[in-house]
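Since the model is a prediction, treat every value here as computed from it, not as a measurement. For the numbers below, each heavy atom of this structure counts, side chains included, while hydrogens, waters and symmetry mates do not. Each residue takes its place number in the sequence, starting with 1.
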Amino acid sequence: MSNIPKDLKYAKSHEWVRVSAAEATVGITDHAQHELTDVVFVELPEPGKKFKAGESCAVVESVKTASDIYSPVSGEIVAVNKAVVDNPALVNSEPYAGGWFYKIKLSNPGELEQLLTPDQYGAQIGSG
């Protein structure tokens, strides 16, 4: 059964969002990292780049496949997690802690209402 923290919002494409004031931290869910298996490479967006919700903004490669990561919200990248680039296994071992991808300054906080609650996400992945 996947770990689905109750304090996060979720995208249908398996990204999570932790909101703090006008910024959000983004990563991929425990379910997503489990499906990918061993993550061996992470490519993150450049700070200062702007993305719209739903746009591809990062890439994760595992021993099985490469997957695009989609920004769950619109805004400007303000920080990236260099530790996850240097040690991609953090995505597997700490998807909600050390394995986060980037922080984004929200340009449209209302988009958060379009994301899934933990219960909705659990139902989507069949882990409710």
Side-chain angles (χ1 to χ4, degrees):
M1 184 163 158
S2 291
N3 176 14
I4 305 172
K6 297 293 185 193
D7 63 329
L8 305 177
K9 295 276 201 173
Y10 299 87
K12 288 181 177 167
S13 51
H14 307 290
E15 293 83 14
W16 58 260
V17 178
R18 179 179 290 122
V19 180
S20 174
E23 265 185 28
T25 303
V26 177
I28 63 170
T29 64
D30 183 47
H31 174 79
Q33 72 79 19
H34 191 274
E35 292 291 306
L36 286 166
T37 66
D38 296 331
V39 175
V40 295
F41 177 78
V42 176
E43 181 181 322
L44 298 176
E46 293 291 321
K49 284 198 78 166
K50 294 183 178 174
F51 292 95
K52 293 198 179 326
E55 279 188 324
S56 174
C57 61
V59 176
V60 174
E61 290 182 18
S62 71
V63 293
K64 277 187 5 183
T65 187
S67 296
D68 285 333
I69 304 302
Y70 301 95
S71 188
V73 291
S74 300
E76 180 180 341
I77 305 297
V78 293
V80 295
N81 184 0
K82 296 211 181 304
V84 84
V85 173
D86 295 338
N87 183 8
L90 286 171
V91 174
N92 295 116
S93 62
E94 303 177 21
Y96 300 114
W100 63 276
F101 287 174
Y102 61 87
K103 294 180 190 271
I104 188 167
K105 184 176 178 193
L106 301 172
S107 62
N108 183 357
E111 290 173 343
L112 295 168
E113 301 307 313
Q114 306 303 313
L115 297 174
L116 302 175
T117 65
D119 290 341
Q120 289 169 323
Y121 183 72
Q124 175 188 308
I125 62 171
S127 171

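- Between Ile4 and Tyr10 there is a side-chain heavy-atom pair separated by less than 4.5 Å.
- Residues Val42 and Leu44 have side chains in contact (heavy-atom distance under 4.5 Å, counting atoms from C-beta outward).
- Distance check, rounded to the nearest 0.5 Å: NZ of Lys49 to CD1 of Ile77 gives 9.0 Å.
- At a threshold of 4.5 Å between non-hydrogen side-chain atoms, the residues Val73 and Asn108 do not count as touching.
- When atom types are taken as modelled, the side chain of Glu55 and the backbone of Lys52 share a donor-acceptor pair closer than 3.5 angstrom.
- Taking the side chain as every heavy atom from C-beta outward, Cys57 and Tyr70 never approach each other to under 4.5 Å.
- Side chain of Asn3 to main chain of Asp30: no donor-acceptor pair is present (N/O by atom type, distance under 3.5 Å, no hydrogens or angles).
- Remark: the backbone N or O of Gly98 is paired with a side-chain donor or acceptor of Asn81 at under 3.5 angstrom.
- Although no hydrogens or angles enter the test, the distance criterion places no donor-acceptor pair under 3.5 Å between the side chain of Gln33 and the main chain of Ile28.
- Judged by distance alone, the side chains of His31 and Tyr121 never bring a donor and an acceptor atom under 3.5 Å apart.
- By the rule that hydrophobic residues join a cluster once side-chain heavy atoms approach within less than 4.5 Å of another member, Val80 and Trp100 end up as members of separate clusters.
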Check step by step if side chain to side chain contact (heavy atoms under 4.5 Å, CB included) holds for Glu61 and Val39. CA-CA 6 Å; Glu61 290 182 18; Val39 175; over 6 Å; no
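- For the pair Pro72 and Ala11, the tightest heavy-atom approach, listed with the atom from each and the gap, is CB-CB, 3.9 Å.
- Panel note: side chain Glu23, backbone Ser20; no donor-acceptor pair is recorded below 3.5 Å.
- Phe51 pairs by the ring-ring contact (aromatic ring centres under 6.0 Å, His included) definition with nothing, not counting sequence neighbours.
- Taking hydrophobic clusters as Ile, Leu, Val, Met, Phe, Trp and Tyr residues chained together by side-chain heavy-atom distances below 4.5 Å, Val60 does not share a cluster with Val40.
- Looking at Thr25 and Val17, their side chains never come closer than 4.5 Å, going by heavy atoms from C-beta outward.
- With 3.5 Å as the limit, one finds no donor-acceptor pair spanning the side chains of Thr29 and Tyr96.
- The minimum heavy-atom distance between Ile104 and Val26, with the atom names listed, is CG2-CG2, 4.2 Å.
- The backbone N or O of Pro95 lies less than 3.5 Å from a partner atom in the side chain of Trp16, making a donor-acceptor pair.
- A continuous path of hydrophobic side-chain contacts links Tyr102 to Val19 [ILVMFWY only; heavy atoms under 4.5 Å].
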Worked verdict on Asp119 versus Lys6 for side chain to side chain contact (heavy atoms under 4.5 Å, CB included): CA-CA 8 Å; Asp119 290 341; Lys6 297 293 185 193; 2.9 Å; yes
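- You'll find the side chain of Ser67 reaches within 4.5 Å of the side chain of Leu36, heavy atoms only.
- Ser71 contributes no side-chain N or O that, together with a main-chain N or O of Ser74, makes up a donor-acceptor pair within less than 3.5 Å.
- For the ring-ring contact (aromatic ring centres under 6.0 Å, His included) test, no residue two or more places apart in sequence or in another chain qualifies with Phe101.
- Annotation for Pro88 and Val85: closest pair CD-O, 3.7 Å, computed over non-hydrogen atoms.
- When all heavy atoms are compared, the tightest approach of Ala83 to Leu90 is O-CD1, 3.7 Å.
- Qualifying salt bridge (charged side-chain N to carboxylate O under 4.0 Å, His left out) partners for Lys82, counting only residues two or more places apart in sequence or in other chains: none.
- Look at Lys64 and Asp38 and you find no salt bridge, because none of the NZ, NE, NH1 or NH2 atoms lies under 4.0 Å from a carboxylate O.
- A heavy-atom distance below 4.5 Å is found between the side chains of Gln124 and His14.
- Here the side chains of Leu116 and Lys12 are in contact, with some heavy-atom distance below 4.5 Å.
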